[in-house]
Protein chains: 2
Amino acid sequence: MRERKIPLNLNCGLDLIGEVLYGKWKMRLLWFISQGHKRPSELQRKIPDASRRVLNVQLKELEEHELICKTIYPVVPPKVEYELTDFGRTLVPVIGALGMWGDEHEGRLRRVIGGTGRAI
Amino acid sequence: MRERKIPLNLNCGLDLIGEVLYGKWKMRLLWFISQGHKRPSELQRKIPDASRRVLNVQLKELEEHELICKTIYPVVPPKVEYELTDFGRTLVPVIGALGMWGDEHEGRLRRVIGGTGRAI
DNA sequence: CAGTATCCGAAGGGATACTG
DNA sequence: CAGTATCCCTTCGGATACTG
């Protein structure tokens, strides 16, 4: 699921969901936000392998796709919070299903993927 | 979900599923195969926007991840069929959930994505 | 019909350094 | 703490032409 800004030949629901989920960290961002981790620094800690820049890019795309909304509090130091929109909340069960499938088949997946990995 | 052959820092089920689903056409390939479209030429017709080369690449990755298996019939002209493995079949309900979500929210998705799209 | 080789442009994403 | 600007490298995926 990547942002193809250009050609867009949407065929079915799988295309459409692909358009909003494609991006290396988007599913996890949505998941962590749904779990109540709202602050950018929190998300950064949850996903240390992502660069801060890319996290911001993908958060902005999720926002443009109306899956999350962003609140900026005019305080010092700056404070920002993300939340799922109602629309975004409808996606949580689907993300959950994806994650559960991954968890249930962790052993086999690690084998076929070939990585060592590490627990969160 | 992209093939990151190199670093692999798997955190949770979402990472793991990402590893096997990342690829522009993989979800649809799995879906169409689950629907009984087994031949490469069939899949190509179903996904005309994908190049033949990339379809083969992604099919091979799905095979390496043991989600599908490939049968080559020693006949002329060549005949090839793909099928889901038992493992791959466990993924079908999840793919279905993704597609259903996309279908249910088609209108809104098309608006936020900004594409015109076309039906399959 | 099925598959591969080569070439290439375009995104994606990381590192770093910087501002408010 | 949050965000942006550059720079750069890698990968993805499309086009084309070719072989069995």
Side-chain angles (χ1 to χ4, degrees), chain A residues 1-9 11 15 18-29 33 37-65 68-83 113, chain B residues 1-9 11 15 18-29 33 37-64 68-83 113 115:
Chain A
M1 313 84 178
R2 156 179 320 118
E3 299 319 304
R4 278 184 288 119
K5 306 284 188 191
I6 325 101
L8 273 191
N9 269 326
N11 291 327
D15 281 306
E19 291 294 324
V20 298
L21 282 191
Y22 217 33
K24 196 174 181 180
W25 314 103
K26 284 193 185 168
M27 292 196 301
R28 262 175 294 174
L29 283 172
I33 292 172
H37 302 103
K38 315 181 163 199
R39 311 275 307 265
S41 51
E42 253 179 309
L43 295 167
Q44 174 77 73
R45 266 194 306 277
K46 283 287 180 185
I47 316 178
D49 289 342
S51 73
R52 185 58 179 280
R53 179 187 148 282
V54 173
L55 241 39
N56 281 334
V57 168
Q58 305 209 347
L59 284 165
K60 172 164 291 188
E61 287 172 356
L62 290 172
E63 200 188 346
E64 287 166 359
H65 291 157
I68 63 175
C69 61
K70 176 181 187 174
T71 308
I72 305 177
Y73 297 92
V75 297
V76 222
K79 176 176 173 180
V80 167
E81 281 187 352
Y82 291 98
E83 266 183 308
I113 290 169
Chain B
M1 313 87 182
R2 155 180 323 117
E3 300 318 305
R4 279 184 286 117
K5 307 284 187 191
I6 325 100
L8 272 191
N9 269 326
N11 291 328
D15 281 304
E19 291 295 323
V20 298
L21 282 190
Y22 217 32
K24 196 173 180 179
W25 313 104
K26 284 192 185 169
M27 292 197 299
R28 262 176 294 173
L29 282 171
I33 292 173
H37 302 102
K38 314 182 166 202
R39 310 274 310 262
S41 51
E42 255 180 308
L43 295 168
Q44 174 77 72
R45 267 194 306 278
K46 283 285 179 187
I47 316 178
D49 289 341
S51 73
R52 185 58 178 283
R53 180 187 148 283
V54 172
L55 242 38
N56 281 335
V57 168
Q58 305 208 348
L59 283 165
K60 171 164 292 190
E61 287 172 355
L62 290 173
E63 200 189 347
E64 287 167 358
I68 63 175
C69 61
K70 176 181 187 173
T71 308
I72 304 176
Y73 296 92
V75 298
V76 222
K79 176 177 174 180
V80 168
E81 282 187 351
Y82 291 98
E83 266 183 307
I113 291 169

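Throughout, a chain's letter reflects where its sequence line sits, starting with A, and its residues are numbered from 1.
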Visitor: For B:Q44 and D:dG14, give me the distance from atom CD to atom P, rounded to whole Å.
Guide: 10 Å
Visitor: Please report the distance, rounded to the nearest Å, between OH in A:Y82 and P in D:dC1.
Guide: 15 Å
Visitor: State which of D:dT4, D:dG14, C:dG13 makes the closest approach to the side chain of A:N56.
Guide: D:dT4
Visitor: Roughly, in whole Å, what's the span from CD in B:E61 to C1' in C:dG3?
Guide: 16 Å
Visitor: Among all residues two or more places apart in sequence or in another chain, which pass the side-chain contact (heavy atoms from CB on, under 4.5 Å) test with A:V54?
Guide: A:W25, A:S51, A:Q58
Visitor: Nearest whole Å is fine: how far is D:dC1 C1' from A:L55 CG?
Guide: 14 Å
Visitor: How close or far is atom C1' of C:dC1 from atom NZ of B:K70, stated in whole angstroms?
Guide: 12 Å
Visitor: Quick one: which protein N/O atoms are closer than 3.5 Å to N/O atoms of nucleotides 15-20 of chain C? Pair and distance per line, please.
Guide:
none

Visitor: How close or far is atom C1' of C:dG3 from atom NZ of B:K79, stated in whole angstroms?
Guide: 18 Å
Visitor: Taking OH from A:Y73 and P from D:dA2, how many angstroms apart are they, rounded to a whole number?
Guide: 12 Å
Visitor: Would you say A:L43 and A:L59 make side-chain contact, with heavy atoms under 4.5 Å?
Guide: yes
Visitor: Okay, side chain of A:E61, backbone of A:G23: is any donor-acceptor separation there less than 3.5 Å?
Guide: no
Visitor: Which residues pass the side-chain contact (heavy atoms from CB on, under 4.5 Å) test with A:K60, sequence neighbours left out?
Guide: A:E64
Visitor: Give a yes/no answer on whether the side chain of A:Q58 brings an N or O atom under 4.0 Å of OP1 or OP2 in C:dG13.
Guide: yes
Visitor: Can you find a side chain N or O atom of B:K24 that sits less than 4.0 Å from OP1 or OP2 on D:dG14?
Guide: yes
Visitor: Should A:R28 and B:D15 count as side-chain neighbours, where that means a heavy-atom distance under 4.5 Å?
Guide: yes
Visitor: Using the test side-chain contact (heavy atoms from CB on, under 4.5 Å), find all partners of A:K79 that sit at least two apart in sequence or belong to another chain.
Guide: A:R39, A:Y73, A:V75, A:E81
Visitor: In whole angstrom, what separates B:I72's CD1 from C:dG3's P?
Guide: 6 Å
Visitor: State, yes or no, whether a side-chain contact exists between B:Q44 and B:L55 at a heavy-atom distance under 4.5 Å.
Guide: yes
Visitor: Considering every strand and a 4.0 Å limit on heavy-atom distances, what is the contact class for A:R39: base, sugar-phosphate, or nothing?
Guide: sugar-phosphate
Visitor: Kindly calculate the angle separating the two end axes of the helix from C:dC1-D:dG20 to C:dG20-D:dC1, each obtained from five base pairs, and round it to 10 degrees.
Guide: 40°
Visitor: Among all residues two or more places apart in sequence or in another chain, which pass the side-chain hydrogen bond (donor to acceptor under 3.5 Å, both in side chains) test with B:E42?
Guide: none
Visitor: Report the residue (A:P77 or A:K60) whose heavy-atom-nearest nucleotide on DNA chain D is the more 5′ of the two.
Guide: A:P77
Visitor: Rounded to the nearest 0.5 Å, what's the gap from CD1 on B:I33 to NZ on B:K38? Could you check?
Guide: 10.0 Å
